[in-house]
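Before any comments, here is the structure.
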Amino acid sequence: MTTLSCNCGFSVTDENKYKVEAEMWHHAIHEHGEMLKSMSVEMLEQWLVNKDEQLKARA
């Protein structure tokens, strides 16, 4: 099982890691769209690295 969590408390778990990531992006876009728009490429890159590390830690 793969789980990702947002700082706001939203969490998604599934056996398919791509579905988990897709659901997390869907959440981020719909619930935190303004924040995403304000983020630089470097900030988004760091967010992705952190989520990747989170996934590896739970594998």
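Along the sequence shown, residues carry numbers from 1.
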First locate atom [atom1] of [X], then atom [atom2] of [Y], and finally report the distance between them rounded to the nearest 0.5 Å.
X   : Y   : atom1 : atom2 : result
H32 : M39 : NE2   : CE    : 11.0 Å
D14 : E21 : CG    : CD    : 13.0 Å
K17 : D52 : NZ    : CG    : 8.5 Å
H30 : L36 : NE2   : CG    : 11.0 Å
E31 : H26 : CD    : NE2   : 9.0 Å

For S40 and E45, run side chain to side chain contact (heavy atoms under 4.5 Å, CB included): C-alpha distance rounded to whole Å, both residues' side-chain angles, the deciding distance at 0.1 Å, then the answer. CA-CA 9 Å; S40 68; E45 178 184 18; over 6 Å; no

I'd like to check the side chain to side chain donor-acceptor pair (under 3.5 Å) partners of N7; sequence neighbours left out, ordered by chain and number. none

Please report the shortest heavy-atom distance between M24 and C6, naming the atom on each side. CE-N, 3.8 Å

Group every Ile, Leu, Val, Met, Phe, Trp and Tyr by side-chain heavy-atom contacts under 4.5 Å, then state whether Y18 and L4 land in the same group.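 Looking at the clustering, L4 is in a separate group from Y18.
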
Among N16, T13, V12, side chain to side chain contact (heavy atoms under 4.5 Å, CB included) partner for E23: V12

